4 protein chains.
Amino acid sequence: MIVGMRTGATPEEVDGVVQRAKSLGLDVQLNLGTDKTVVALLGSNTGQLSTDIFAVLPGVEGVTRIMKPYKLAAREFKAEDSLVSINGIEIGGKRIVVMAGPCAVESEEQLMEAGRVVKEAGAYILRGGAFKPRTSPFSFQGLEKVGLELLARARERFNMPVITEVVDPHDVSLVSKYADILQVGSRNMQNFALLTSIGRSKCPVVLKRGFSCTVTEWLTAADYLLAEGNNQVILCERGIRTFEDSTRFSLDISSIPVIKRASHLPIIVDPSHASGHYSLVPAIAKAAVAAGADGLLIEVHPNPKEALVDGLQSLTPSSFAKLMEELRSVAKSVGRYI
Amino acid sequence: MIVGMRTGATPEEVDGVVQRAKSLGLDVQLNLGTDKTVVALLGSNTGQLSTDIFAVLPGVEGVTRIMKPYKLAAREFKAEDSLVSINGIEIGGKRIVVMAGPCAVESEEQLMEAGRVVKEAGAYILRGGAFKPRTSPFSFQGLEKVGLELLARARERFNMPVITEVVDPHDVSLVSKYADILQVGSRNMQNFALLTSIGRSKCPVVLKRGFSCTVTEWLTAADYLLAEGNNQVILCERGIRTFEDSTRFSLDISSIPVIKRASHLPIIVDPSHASGHYSLVPAIAKAAVAAGADGLLIEVHPNPKEALVDGLQSLTPSSFAKLMEELRSVAKSVGRYI
Amino acid sequence: MIVGMRTGATPEEVDGVVQRAKSLGLDVQLNLGTDKTVVALLGSNTGQLSTDIFAVLPGVEGVTRIMKPYKLAAREFKAEDSLVSINGIEIGGKRIVVMAGPCAVESEEQLMEAGRVVKEAGAYILRGGAFKPRTSPFSFQGLEKVGLELLARARERFNMPVITEVVDPHDVSLVSKYADILQVGSRNMQNFALLTSIGRSKCPVVLKRGFSCTVTEWLTAADYLLAEGNNQVILCERGIRTFEDSTRFSLDISSIPVIKRASHLPIIVDPSHASGHYSLVPAIAKAAVAAGADGLLIEVHPNPKEALVDGLQSLTPSSFAKLMEELRSVAKSVGRYI
Amino acid sequence: MIVGMRTGATPEEVDGVVQRAKSLGLDVQLNLGTDKTVVALLGSNTGQLSTDIFAVLPGVEGVTRIMKPYKLAAREFKAEDSLVSINGIEIGGKRIVVMAGPCAVESEEQLMEAGRVVKEAGAYILRGGAFKPRTSPFSFQGLEKVGLELLARARERFNMPVITEVVDPHDVSLVSKYADILQVGSRNMQNFALLTSIGRSKCPVVLKRGFSCTVTEWLTAADYLLAEGNNQVILCERGIRTFEDSTRFSLDISSIPVIKRASHLPIIVDPSHASGHYSLVPAIAKAAVAAGADGLLIEVHPNPKEALVDGLQSLTPSSFAKLMEELRSVAKSVGRYI
């Protein structure tokens with residue numbers, strides 16, 4: 001951590017910083033520049049200290065981190081790629097894992113039809129929401145427990161692992177009975193009570209990026225899961241909020257190589273929520289694979305026109321099958337397969 | 001709701017939209033322009049319908065809302081200003097209510113000293129966090145139940161109502177035993193399980209704006225509280241995330257007059273979290289009062305240099321006392337008082 | 001254009017809107033809903049009218065566009081893809097055109113070495129800046145006319161077309177003598193004096209997206225070029241400004257399919273400025289090709305460590321050659337070639 | 001400047017950084033922490049060096065500035081507030097200077113009526129645009145030279161200084177003959193050719209903030225004006241682009257106290273462009289004064305319903321007169337006057 005003093009800071013002010021650092025067990029090195037004094041603080045845990053501790057002291061102009069605030073999710077903590085194994089399928093390896101299915105579980109008929117078509121087209125994991133966080137209380141909120149039971153039935157019928165969202169910390173043990181992977185939605189990325197509960201469950205988890213959270217905050221949220229001993233963590237980029245209004249969110253394609261440098265965790269991409277429109281999903285999905293994503297989470301609905309939630313961003317069975325063909329070709333071009 | 005058809009849409013495609021609308025009980029009016037057909041959908045609840053229902057149909061180019069998605073929070077639903085009464089103090093009237101205190105309850109000594117100085121300077125309500133949502137699992141997480149007990153003691157000692165944050169839906173009944181106002185933090189604005197639980201408690205609540213949520217989403221989140229019969233809702237602007245990096249967040253000062261037009265709910269401002277730096281708090285606080293805010297939520301710490309959380313944005317007792325003097329003057333200039 | 005009246009608007013207020021519309025030669029259709037009156041305005045040029053004309057009238061709550069404000073750049077204006085031909089190379093067809101070279105022309109030696117290596121690796125067009133818009137007046141501002149002459153020499157030596165930036169409307173005729181393609185930088189996307197001057201020159205032009213401009217504004221800026229009769233317009237996505245701070249800008253990968261739907265103009269991508277770091281360039285470049293971009297604009301420097309401008313985002317000759325190999329493979333996977 | 005080396009960087013890599021720094025005349029101090037080596041670079045002009053020079057070297061993880069990139073605009077360069085004097089009126093002192101008038105000069109009648117009403121209500125300076133930068137080429141572009149002549153006539157008639165925008169570097173000498181203050185619009189904040197030309201003219205100038213530029217970039221742009229010897233620089237906050245869509249832009253109220261700390265230049269606020277709607281202008285204008293702004297730039301039109309440009313954000317004569325009364329009261333409450 002680097003503490004920059006104001007021009008004209010007094011020796012007493014500099015000493016105040018030095019004493020505070022020493023009281024926290026840090027080593028200190030002073031750089032007495034011609035214009036400004038800079039105090040470097042050294043220690044193995046400075047990434048986890050708040051910069052405010054020093055910024056608030058008299059004579060200080062600003063404090064800069066050198067160490068990142070996340071620790072367990074960092075590649076410096078673990079150099080080799082982490083693999084998350086789901087029923088023998090490895091996420092984070094050469095295979096690009098496609099998870100597909102409807103946004104919300106609506107009925108047995110809808111879910112079974114969705115399961116059938118995504119399985120046929122080559123998806124490995126079935127997605128479907130039972131608990132739906134909706135912006136308005138007047139919208140459909142999901143089938144809840146009934147939805148979980150339908151998911152379990154589809155899992156058995158198609159022999160596919162299942163991923164579904166959990167929104168309340170007290171539902172984690174219930175949901176993990178029915179699902180192979182828990183999903184933390186974008187609006188819950190910093191719901192720390194939920195993260196802690198999932199961390200303790202040790203259940204594999206997809207941590208979606210908060211739509212207004214930085215990569216650094218995302219990896220720091222992953223630390224909540226990892227700190228509880230849950231190493232089965234998969235990151236999911238799903239678009240960030242920007243000023244652009246032709247898409248619902250702006251997929252941050254660069255986050256893929258950034259994460260690959262900064263972290264050992266696998267990363268998948270959700271092109272459906274990012275774009276908000278089915279016509280944009282194929283281009284974004286192909287881009288994600290070319291950029292190095294380890295998997296995709298795609299919304300497919302047997303009949304998007306009748307969908308209760310997010311029909312506009314769902315692919316039809318035939319357009320999904322066509323996309324899978326294209327994705328196989330792109331995956332091969334970057335040395336991977338689906 | 002207005003459905004714009006693509007140039008060259010067929011009569012069958014237009015009819016598809018009309019039939020879907022009629023199946024939902026809506027009235028339909030067709031505008032057959034020279035270039036494009038536009039279908040207007042009329043009905044009293046179109047604000048609560050998803051635009052996707054129509055956007056997904058063949059031949060549709062785009063769908064535009066005319067009605068807002070929120071309902072109970074809208075001024076059209078209730079024309080006169082709502083007042084929230086806390087121990088006889090009304091929020092939303094002529095008096096500007098100042099809530100002040102430390103970010104986190106750290107110890108009895110710290111809280112009592114804080115209570116004493118903010119009471120003396122003229123704050124009406126004492127703030128203090130017992131449950132702290134922190135971005136890193138390695139940071140101080142709050143005193144939790146012990147913190148609540150300290151708050152209750154301070155409430156009694158200084159005869160001041162108390163506001164504190166709740167982060168888990170299952171803690172609502174516990175926290176509302178100790179606190180006069182529950183606070184929903186920015187990261188939980190769309191934690192719908194939490195909102196529903198607080199809505200049912202009927203306890204007065206401050207709903208902080210999600211730092212990346214629009215005003216429309218904010219008022220729609222308020223609908224979750226109102227829909228459960230809790231009318232004691234106070235909005236709190238606390239800054240939004242933008243590209244600007246000289247402040248932690250960018251206070252959206254315009255949201256105050258926007259909310260006053262769009263909603264009947266009172267709105268207060270948190271200048272401390274918005275700016276992230278004590279030196280900016282006074283200017284922002286005065287601006288908020290001049291712009292029409294009904295109250296302020298200000299961090300004050302007996303000794304910011306020793307604060308465990310957010311010391312950098314906390315005012316000292318003397319700077320808070322000075323600010324209160326200045327605020328009285330600004331309040332008077334806009335026909336209000338503190 | 002759709003004019004939504006306030007709840008409770010008077011018949012006189014509705015009539016005011018109708019009369020204003022008729023005075024502008026528009027057709028009008030009234031939707032008298034139960035809650036709100038909505039006035040639809042019909043005509044072939046409503047996209048070019050300001051919404052303010054109606055929003056300012058008494059009783060109006062809001063005005064919504066159905067038609068886009070751009071016209072000549074719209075796919076509705078011209079259905080088939082536009083091709084821009086540079087010395088017989090077509091941009092916008094099956095071939096993906098790579099433009100590469102140094103950010104700034106620094107010396108004859110540097111430019112010739114850069115030209116040699118990018119030619120060898122398979123780039124078709126040489127880039128290099130002679131006029132550099134720099135955020136600080138104390139930074140290197142480019143070699144200006146000397147730089148143009150060096151570019152002309154490299155063009156001849158390597159038989160490669162040349163692209164370079166122009167920043168002043170009065171330099172357009174000078175620069176177009178030396179360059180095959182003019183580049184409008186991100187900070188000048190809405191420099192309308194410059195756009196008009198380039199439009200009149202009829203010289204092929206790459207119009208970079210303003211880093212905070214929407215796709216709609218970008219296409220409306222293209223209308224400035226097209227309106228002067230210059231049809232040789234290539235769009236270039238180069239990243240937008242967001243809150244994310246791990247990259248210099250956030251490449252808006254979705255803008256590629258969005259542009260392909262909305263416009264007939266070709267679009268290329270600049271992965272170098274978007275990311276700001278050489279290590280991220282390959283992933284973003286491959287993603288752009290997979291998403292459907294028609295070309296790439298990549299910074300390559302013979303010795304990035306000695307670069308005067310933007311060395312950090314420049315590829316070395318060997319990493320560029322390696323990337324070209326990878327791009328060929330990705331291009332093939334989506335049915336194109338380099 | 002602080003160079004952080006990667007964990008495991010070799011002594012040769014560290015030495016590479018040290019040698020590069022020494023070759024640029026910088027002093028170097030090494031911090032050999034347990035985990036990472038950090039190299040501090042010391043010298044009086046490190047703020048003007050690009051961080052890329054070091055970031056590109058092998059073994060470097062990141063480079064952080066301690067010094068700001070702007071120099072002449074910094075309060076460290078000049079401690080006391082700068083005052084800009086316009087016909088004996090000082091901007092930056094106790095008086096809050098109001099500049100008001102129509103967005104665009106439309107006709108003699110319109111301008112004279114506007115001049116009369118803003119003068120009567122207490123504005124000191126008349127604004128009016130002759131050259132209008134418009135997003136679409138099909139919109140009204142301003143009266144240009146005729147507009148300048150009308151402004152000169154109004155200046156004489158009402159004995160009011162006049163401010164107007166200049167958009168082309170080659171028009172600076174023309175426009176400065178007619179106007180007392182030149183205005184650089186938001187889209188031209190980084191039009192460096194224009195800034196240099198205005199810098200040379202020594203004419204007083206209002207530099208509007210680019211709607212997507214940081215405070216740091218804004219002050220660095222001011223350096224372009226100051227570096228040419230023009231000290232008559234007034235900054236103008238006019239809102240930044242964010243995701244919020246209830247206002248056209250989001251006024252960054254915090255930039256006022258941030259600028260007051262970081263710079264000696266006066267700052268005014270444009271509440272009209274920030275909000276885009278007349279009903280929001282009064283609240284924002286009052287907030288700006290309470291936050292410490294030195295002046296306001298407000299759009300007033302004799303008949304907003306007939307305005308050719310931006311009628312929606314223009315105040316009527318009567319609402320402007322009412323606002324001026326309110327502003328006098330707020331100004332007094334913070335120890336200033338109008």
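In the text below, chain A, chain B and the rest are named by the order of the sequence lines, each starting its count at 1. Computed from a prediction, not measured in an experiment: that's the story for all the values here.
Side-chain contact between D:Val38 and A:Ile2 is present, with at least one heavy-atom pair separated by less than 4.5 Å.
In this structure, the portion of A:Thr242 lying under 4.5 Å from any heavy atom of chain D is its backbone and not its side chain. Interface remark: A:Arg261 contributes side-chain atoms only to the contact with chain D (heavy atom separation under 4.5 Å).
For NZ of A:Lys132, the number of neighbouring non-hydrogen atoms (other residues, nucleotides, ligands) closer than 6.0 Å is greater than 12. With a 6.0 Å radius and a threshold of 12 heavy atoms from other residues, nucleotides or ligands, D:Lys260 has its NZ atom above the threshold.
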